Amino acid sequence: MTLRLFNTLTKTKDDFVPLDAKNVRMYVCGPTVYDFAHIGNARPVIVFDVLFRLLRHTYGDAHVTYVRNITDVDDKINARAAERGISIRELTEETARIYEEDVAALGNLPPSVTPRATEHIAQMIKIIEQLIAAGHAYAADGHVLFEVSSKADYGKLSRRSLDEMLAGARVEVAPYKKNPMDFVLWKPSEAALPGWDSPWGRGRPGWHIECSAMAGEYLGETFDIHGGGIDLQFPHHENEIAQSEGAHHGHPLAKVWMHNGFLQVEGEKMSKSLGNFFTIRDLLADWPGEVLRFNMLRTHYRQPIDFTVAGLKESWKMLERWYEVTEPLVDPAPDAAFFEALADDLNTPAAIASLHQADELALAGGLDFLGFSNVQMKLANKTEVDTVAIADAIAARNAARKNKDFKESDRIRDDLLAKGIVLKDGPGGTTWEVKR
RNA sequence: GGCCUCGUGGCGGAGUGGUGACGCAGCGGAUUGCAAAUCCGUGAACCCCGGUUCAAUUCCGGGCGUGGCCUCCA
């Protein structure tokens, strides 16, 4: 089985050949921790978690390093902390903790390393010094800026030239910039804001440098896969490339760049003003994490996805049916069709479709492989109801049915239904579930 | 305005130069005291206009529409 991945850099789907099969390396941009993560943020986490699982399966658990950072220094963070009247540290710690809980509830494995930006300031400063030495950056007015014109291939990831970008021309014009497209690597910090001593005075990093620093620290100059949302392609990833390659004598940052598509909600852009803005936490209150995860994987990662309640219901139904079939199995293993689908650029919809044709063992194996455990589904179905009272009612109803007292048996059934309990009479007896 | 993305049946969603996946819903049947659940069966699609070809949903060109980026809202 050969893994094939679509590379945004080349726009082609190529065979994946690791730089070092003993240590396959992947970096995915994590959250800036200033607020709850929303369902759109969940997509790359889930998608690249599946890739992480597939890489571990292929190369061995001990031979894959997956880094997903936490950005805990940012102007949005500063603003939010001031707004809430709490310290920056309190805000970032609280938000990061919630984030970890949320992504765990969605069935994601923890990455190998979860570095924090504020713990890598020294590495950022080092890269900036290297960039200045290499003629890719300049200090001006307390700032350090990356000089985009110094790198001939700037724009190669997003396939746009400097001329094209300037044509759009809505960039911030600052007097200290040589070129309007030059972007900030380091900027001065006033006393009230977080700051670190640097060769350019007390300051704080620009937006993109933290990823270059952390990727370099844990994965080396060049690694295998860099992932993130398509919205990060420009400017974030483009600038990461410029910084890392500029500091590393032009050595490529990542061999394969992968980008997941955008998410919409009920056919519309998710936004607070439209009232269709959902945090992961909101959704977890109403839906098992597995259902949210399954719903995400039913669409190929590069396609746009429309997140709908109807889709969630369908996902729940499919999962539940499968769980009923697979529950007693102990030693599951996915089949070849399943892996072939995943190996083809992470084609999760095709992999899921293969499960409909699979035998029970392969079905259970496929579900397990994709991170579906059934734990939350069971909880969602059994919590906050009186299971003893339900069992009693079922016994009473079955006794009535035996006596052909259907008026009484139907009364009991309707009574339970009114409490949100649906009965199912199967060949093995009567079971129940919570109505949705 | 520039660059890019996507457009498949009621819905979701793969895939392919020629025998039209799969799932959900629907419909028919089995089962059931009646339902629900379950099982079996089943109709239905490739945005528009050109081009290439014996043959296009699939390749090429144009158009229309969706969405994204160009503004440190993923």
Side-chain angles (χ1 to χ4, degrees), chain A residues 8 11 29-32 34-35 37-45 71 74-77 79 155 158-161 163-172 181 183-184 187 205-210 228-239 259-264 267-273 277 295 297-300 302-308 310-318 320-322 324-325 341 344 347-357 400-407 409-410 413-414 416-417 421-428 430-433 435:
Chain A
T8 310
K11 298 231 176 213
C29 293
T32 298
Y34 70 102
D35 203 348
H38 57 68
I39 189 63
N41 296 315
R43 172 119 99 145
V45 179
T71 295
D74 181 274
D75 288 357
K76 286 194 296 285
I77 294 173
S158 49
R159 289 167 189 267
R160 54 184 92 193
S161 67
D163 290 345
E164 285 167 3
M165 290 184 246
L166 283 169
R170 277 187 281 183
V171 289
E172 182 194 354
M181 293 307 298
F183 58 91
V184 171
K187 55 188 167 190
W207 175 30
H208 317 290
I209 193 72
E210 88 281 9
I230 187 69
D231 49 294
L232 293 178
Q233 184 183 18
F234 188 90
H236 184 58
H237 291 161
E238 196 70 69
N239 291 350
H259 291 96
N260 61 272
F262 218 66
L263 175 142
Q264 285 184 277
E268 290 183 301
K269 181 186 167 83
M270 179 169 69
S271 74
K272 285 175 180 164
S273 59
F277 187 93
N295 196 244
L297 294 177
R298 284 172 53 198
T299 300
H300 182 88
R302 284 195 281 123
Q303 294 284 104
I305 188 172
D306 188 16
F307 210 80
T308 64
L312 288 171
K313 283 183 179 166
E314 192 177 322
S315 293
W316 191 324
K317 189 167 189 170
M318 287 167 71
E320 195 159 65
R321 182 173 299 179
W322 277 342
E324 279 174 24
V325 177
D344 181 16
N347 193 336
T348 52
I352 288 168
S354 82
L355 297 181
H356 289 292
Q357 270 62 51
R401 289 173 74 202
K402 206 168 183 178
N403 295 330
K404 304 223 181 280
D405 185 357
F406 299 122
K407 197 178 168 186
S409 68
D410 287 353
R413 183 171 66 196
D414 292 344
L416 285 173
L417 186 60
I421 306 299
V422 182
L423 297 186
K424 298 193 285 190
D425 295 326
T430 302
T431 58
W432 60 272
E433 65 182 33
K435 184 175 184 288

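Computed over heavy atoms, backbone and side chain alike; hydrogens, waters and symmetry mates excluded. Residue numbering restarts at 1 for every chain, and letters A, B, ... go by the order of the sequence lines. Nothing here was measured: the structure is a model prediction, and the numbers come from that model.
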[N] versus [M] - spacing of their [atom1] atoms, nearest Å:
N: B/A44; M: B/U19; atom1: P; answer: 15 Å
N: B/U16; M: B/A21; atom1: C1'; answer: 10 Å
N: B/C70; M: B/G10; atom1: P; answer: 36 Å
N: B/C11; M: B/C4; atom1: P; answer: 30 Å
N: B/U57; M: B/A45; atom1: C1'; answer: 9 Å
N: B/A37; M: B/G15; atom1: P; answer: 32 Å
N: B/C22; M: B/U8; atom1: C1'; answer: 13 Å
N: B/G67; M: B/G7; atom1: C1'; answer: 11 Å

State, yes or no, whether a side-chain contact exists between [X] and [Y] at a heavy-atom distance under 4.5 Å.
X: A/Lys187; Y: A/Asp75; result: yes
X: A/Arg413; Y: A/Thr430; result: no
X: A/Val422; Y: A/Leu417; result: yes
X: A/Pro205; Y: A/Glu210; result: no
X: A/Thr8; Y: A/His237; result: no
X: A/Trp432; Y: A/Leu416; result: no

Among [options], which is the nearest nucleotide to the side chain of [X]?
X: A/Ala353; options: B/C72, B/A14, B/A21; value: B/A21
X: A/Lys269; options: B/C24, B/U66, B/G68; value: B/G68
X: A/Asn347; options: B/A14, B/C22, B/C72; value: B/A14

Is there a Watson-Crick or G-U wobble partner for [N] with both distances under 3.5 Å, and which nucleotide is it?
N: B/U71; answer: none
N: B/C22; answer: B/G12
N: B/C39; answer: B/G29
N: B/U53; answer: none

Calculate, to the nearest 0.5 Å, the distance between atoms [atom1] and [atom2] belonging to [X] and [Y] respectively.
X: A/Asn295; Y: A/Ile39; atom1: CG; atom2: CD1; result: 8.0 Å
X: A/Arg298; Y: A/Met318; atom1: CZ; atom2: CE; result: 5.5 Å
X: A/Thr299; Y: A/Ile352; atom1: OG1; atom2: CD1; result: 8.5 Å
X: A/Asn239; Y: A/Leu232; atom1: CG; atom2: CG; result: 11.5 Å

Gap between atoms [atom1] and [atom2], on [X] and [N] respectively (whole Å):
X: A/Asn239; N: B/C72; atom1: CG; atom2: P; value: 11 Å
X: A/His300; N: B/A21; atom1: NE2; atom2: P; value: 21 Å
X: A/His208; N: B/U71; atom1: NE2; atom2: P; value: 10 Å
X: A/Arg43; N: B/G67; atom1: CZ; atom2: C1'; value: 12 Å
X: A/Lys313; N: B/C24; atom1: NZ; atom2: P; value: 16 Å
X: A/Arg321; N: B/A37; atom1: CZ; atom2: P; value: 9 Å
X: A/Arg298; N: B/A14; atom1: CZ; atom2: P; value: 10 Å
X: A/Trp322; N: B/U38; atom1: CH2; atom2: C1'; value: 17 Å

Residue met sooner reading RNA chain B from 5', once A/Ile305 and A/Tyr34 are mapped to nucleotides:
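The answer here is A/Ile305.
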Between A/Gly206 and A/His356, which has a closest nucleotide on RNA chain B that is more 5'?
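Nearest-nucleotide comparison on RNA chain B picks A/His356.
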Base, sugar-phosphate, or nothing for [X], non-hydrogen atoms under 4.0 angstrom?
X: A/Ile352; answer: nothing
X: A/Phe277; answer: nothing
X: A/His38; answer: base

Letter by letter from the 5' end, nucleotides 3-11 of chain B scores (B base, S sugar-phosphate only, - none; protein heavy atoms under 4.0 Å) SSSS-----
Sequence-aligned protein contact record of nucleotides 30-36 of chain B, with B where the base is within under 4.0 Å of a protein heavy atom and S where only the sugar-phosphate is:
---BBBB
Ionic contact status for A/Arg160 with A/Glu238, cut-off 4.0 Å:
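Salt bridge flag = no for A/Arg160 with A/Glu238.
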Those residues that, when tested against A/His236, pass ring pair (Phe, Tyr, Trp, His ring centres under 6.0 Å) (two or more places apart):
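Scan of A/His236 (ring pair (Phe, Tyr, Trp, His ring centres under 6.0 Å), adjacent residues dropped) gives A/Trp207, A/His208.
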